[in-house]
Amino acid sequence: MIYTDTRDNTVKVSLKEAVLNGMNPKTGGLYIPTSYPKLSDEILNQTAAPSFRNIAFEMAKLYVDGEIPDNDLQAIIADCYPFISQLAPLDPYSYCLELFHGPTCAFKDFGARFMARVMSYFNRENPDPLHILVATSGDTGSAVGSAFHNVPGLDVTILYPEGKISPLQEKQLSTFTGNVRALKVKGTFDDCQKLVKTAFVDEDLRSKFRLSSANSINITRLLPQSFYYMYAALAVKQRAPYDSKIENPSIIVVVPSGNFGNLTSGLIAQKMGAPITGFVAATNANRTIPDWIATGNYEPRASVKTLSNAMDVGAPSNYERIRAMYTLDEVRDLFASYWLDDDGIKKAMKDCYTNTGYVIDPHGACGWKAWDDIRKGAMLNLQSGFGNDYNKPGLTPNLPKWANDITNKKSVGIILETAHPAKFGEVVQNAIGVNPSIPDRLEKVMSLPDHAIPMNNDYDEFKKWLCENL
Ligand SMILES: *Cc1c(COP(=O)(O)O)cnc(C)c1O
C-alpha cells in the first residue's frame, strides 16, 4: 500500500516513512492510504465464525504490502493481540463491541500496540532512538506508555492536561520509568496537541532529534483499529439474522468520538469490504463534527470539559482525513450524528443499566443512547419533518441514506464500548448507583508512585526541557 498526504496528494510514501514521520513535516498534513484494497472474498463471505487474529493478519498484510515479511508480521500480530475484542449482545438488535480487554482497558491498546511493534521493526537497524511525542486527553497516554514501555530503540514523552483527566488515568500514564515519561501541562488537550505539533515543524529541534508521533495522527494507530470493525461486522452479519429475525440486516456502527481516529478506522474497514451500511458519530458537548454535518460549516473550537473526557476534543485532527476521503454530501449520506451534554450522559448510563443490565462507561453511553434514541423514534421524527434543533442534544438534523433501514426495522447496531467502566468508576457510580468491578490490571497501577513532570503551556519552556532531557 502506498500512502499520501491530506494536504498534498502528489506525495507518495511507504508505510515505513509514514510511520516514522508521524505527519508530513513539510506540509503538516496527515498520511492516508492512496487506495483501499478489498479483503479477499474468501474471508468476506466465509460461513465459519471469523477469527480476530486471522482478520488482523490479512488486513495488515494489505497495509504493509511486502514491507514486512509475512512471518515477521504474523509474530507482530500475535504479540499485539493476546486479547481480542468481544461482542456482547444487549438486545436482539444491538451489540456492544467491547474494546477494553487490553492491558490499559481502552480501545487505544489495539492501535498503540501495533504502532509500537511496527515502529520498533522499522527502527531495528538504527543506532539512534526514535523520540515519540504524544498529546493525550486521557487514554492515549496510558495505551502508548504501556505499548512502548521497554521497547528498545524507542523513547516516549507524554503530554497531558493537568486536572482534566481522571486520577486513575493520571496514574496509568505517569507511573512509568525508563523510556517512558509524562509531562503534566497547565492547559487543555488542544494546548498539549499544539505543543506537540509545533515541535514537529520546528526545524531546529528536528535537527537535534528524530521525532515521531504516536497519537491518532499516526497512520499505524488507525490501520489496526480497522481490524475490529471488520471482525465485528462479519460476526454480526452471521449471527444477527438469528438474534433479530431480520434477514440480511443493514449494520450500523455507533462510534463514541473525540479526535475521530476510531471512526476513520471504521471508514477504512468499510472501504476494504466490511459489511457496514452506515455510522453514527456520537460525541459529548464537544460537537464540532455534529455541527459541521448540520450546518456545513466546520468550526474547530476550544474543547470543553465533560464526563466523557477522552472525547473532549474541539478541533478533531482526523477531520482532515475524513475530508480527504469524502465530500460533505458523502459524509451526510453515510453518517448520522448525535451529541449529549453531561446530564444526558448520566441519564444514558442509567437508562442503559436499567433497560439492558449492562454497565456502560460514560463514552460508550453516548453511543448507546444515540442508537437507542435513533431506533426508538428520533430517526422517524426527523423523516417526518420534526428534526431536532442542532443546538440541542440529540440526533443531528441530517438524514443519512440508510434512514429508511432504521424506520423499516431492517437494521442492527454495533455500539463501540471504548473503555472499561471501572476507568471512570466514580462517574458510573454516581449515575447508576453501582460501582463497576475493577480489573486486576487497573487496581495494580493505583499503588505505584507518580513521576509526572510539571510544565507550563509555553512552547519555549517545553522545547528547553526536551533539549535538556531527551
Ligand atoms: C480516545 C477515546 C475516545 C475517542 O476516540 P477518537 O479516536 O479520538 O475519536 C473515546 N472513548 C475513549 C474511552 C477513548 O479513550
Side-chain angles (χ1 to χ4, degrees), residues 30 85 96-112 115 134-147 158 160-161 164-166 168-169 172-173 189-190 192-193 214-219 221-226 228-229 253-269 279-284 286-290 303 306-322 335 337 339-340 345 348-349 360-368 370 415-425 427-428 436 442:
L30 309 181
S85 60
C96 186
L97 182 66
E98 295 179 345
L99 300 173
F100 55 66
H101 295 285
T104 72
C105 299
F107 84 93
K108 293 187 176 75
D109 287 328
F110 283 91
M115 174 175 59
V134 198
T136 181
S137 56
D139 284 342
T140 299
S142 51
V144 169
S146 156
I158 301 166
Y160 69 93
K164 293 192 172 60
I165 67 175
S166 76
L168 176 61
Q169 282 178 323
Q172 278 192 298
L173 53 81
F189 166 68
D190 290 334
C192 295
Q193 203 170 34
N215 42 9
S216 58
I217 62 179
N218 194 300
I219 190 74
R221 279 281 306 282
L222 287 189
L223 298 175
Q225 290 171 177
S226 66
Y228 52 71
Y229 282 86
V253 186
V254 188
V255 191
S257 295
N259 220 3
F260 280 77
N262 202 359
L263 204 146
T264 305
S265 304
L267 298 174
I268 294 173
F279 295 90
V280 181
T283 75
N284 56 30
N286 294 280
R287 54 193 176 93
T288 306
I289 294 285
S303 58
T306 76
L307 291 176
S308 51
N309 65 36
M311 299 172 12
D312 292 352
V313 183
S317 313
N318 288 290
Y319 166 76
E320 199 169 317
R321 283 197 172 103
I322 294 172
F335 290 22
S337 76
W339 71 275
L340 284 179
I345 293 173
M349 286 185 276
I360 203 157
D361 95 292
H363 304 80
C366 297
W368 181 81
I415 297 140
L416 303 194
E417 170 57 323
T418 49
H420 192 288
K423 289 192 86 165
F424 307 91
V427 174
V428 175
L442 281 188

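Counting from 1, the numbers follow the sequence of the chain as shown. Indexing begins at 1, ligand by ligand and atom by atom, following the structure's order.
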Asker: Looking at residues at least two apart in the chain, or sitting in another chain, which of them share a ring pair (Phe, Tyr, Trp, His ring centres under 6.0 Å) with Phe110?
Answerer: Phe52, Tyr81, Phe83, Tyr228

Asker: Can you tell me which portion of Pro256 lies within the under-4.0 Å heavy-atom range of ligand 1? Options are side chain, backbone, both, or neither.
Answerer: backbone

Asker: Find out whether Asn262 and Tyr229 are in side-chain contact, i.e. whether some heavy atom of one side chain is under 4.5 Å from a heavy atom of the other.
Answerer: yes

Asker: With respect to Ser257, determine whether any N or O atom, backbone or side chain, lies less than 3.5 Å from an N or O atom of ligand 1.
Answerer: no

Asker: Whether the side chain of His363 engages the backbone of Glu417 through a donor-acceptor N/O pair (distance < 3.5 Å, no angle test) should be reported.
Answerer: no

Asker: Any atoms of ligand 1 less than 4.0 Å from a non-hydrogen atom of His363? List them with their elements.
Answerer: 11 (N), 12 (C), 13 (C)

Asker: Taking only residues two or more places apart in sequence or in another chain, which ones pass side chain to side chain contact (heavy atoms under 4.5 Å, CB included) with Thr306?
Answerer: Asn284, Ala285, Asn286, Val304, Ser308, Asp312, Asp342

Asker: Based purely on interatomic distance, does Asp361 place a nitrogen or oxygen under 3.5 Å from a nitrogen or oxygen of ligand 1?
Answerer: no

Asker: Is it true that a side-chain atom of Ser265 and a backbone atom of Gly261 form a donor plus acceptor pair closer than 3.5 Å?
Answerer: yes

Asker: Nearest 0.5 angstrom please: Gln225 CD to Lys108 NZ, how far?
Answerer: 8.0 Å

Asker: Is Lys108 close to ligand 1, meaning an N/O of one under 3.5 Å from an N/O of the other?
Answerer: yes

Asker: For ligand 1, which is the ligand I care about here, please tell me if Gly261 has any N or O atom under 3.5 Å from one of the ligand's N or O atoms.
Answerer: yes

Asker: Under 4.0 Å from any heavy atom of Ala310, which atoms of ligand 1 are there?
Answerer: 1 (C), 2 (C), 3 (C), 4 (C), 12 (C), 14 (C), 15 (O)

Asker: For the side chain of Asn318 and the backbone of Arg321, is there at least one donor-acceptor N/O pair under 3.5 Å apart?
Answerer: no

Asker: In terms of atom number and element, which parts of ligand 1 are under 4.0 angstrom from non-hydrogen atoms of Ala419?
Answerer: 13 (C)

Asker: Taking N or O atoms only and a 3.5 Å limit, does Phe424 qualify as a polar contact for ligand 1?
Answerer: no

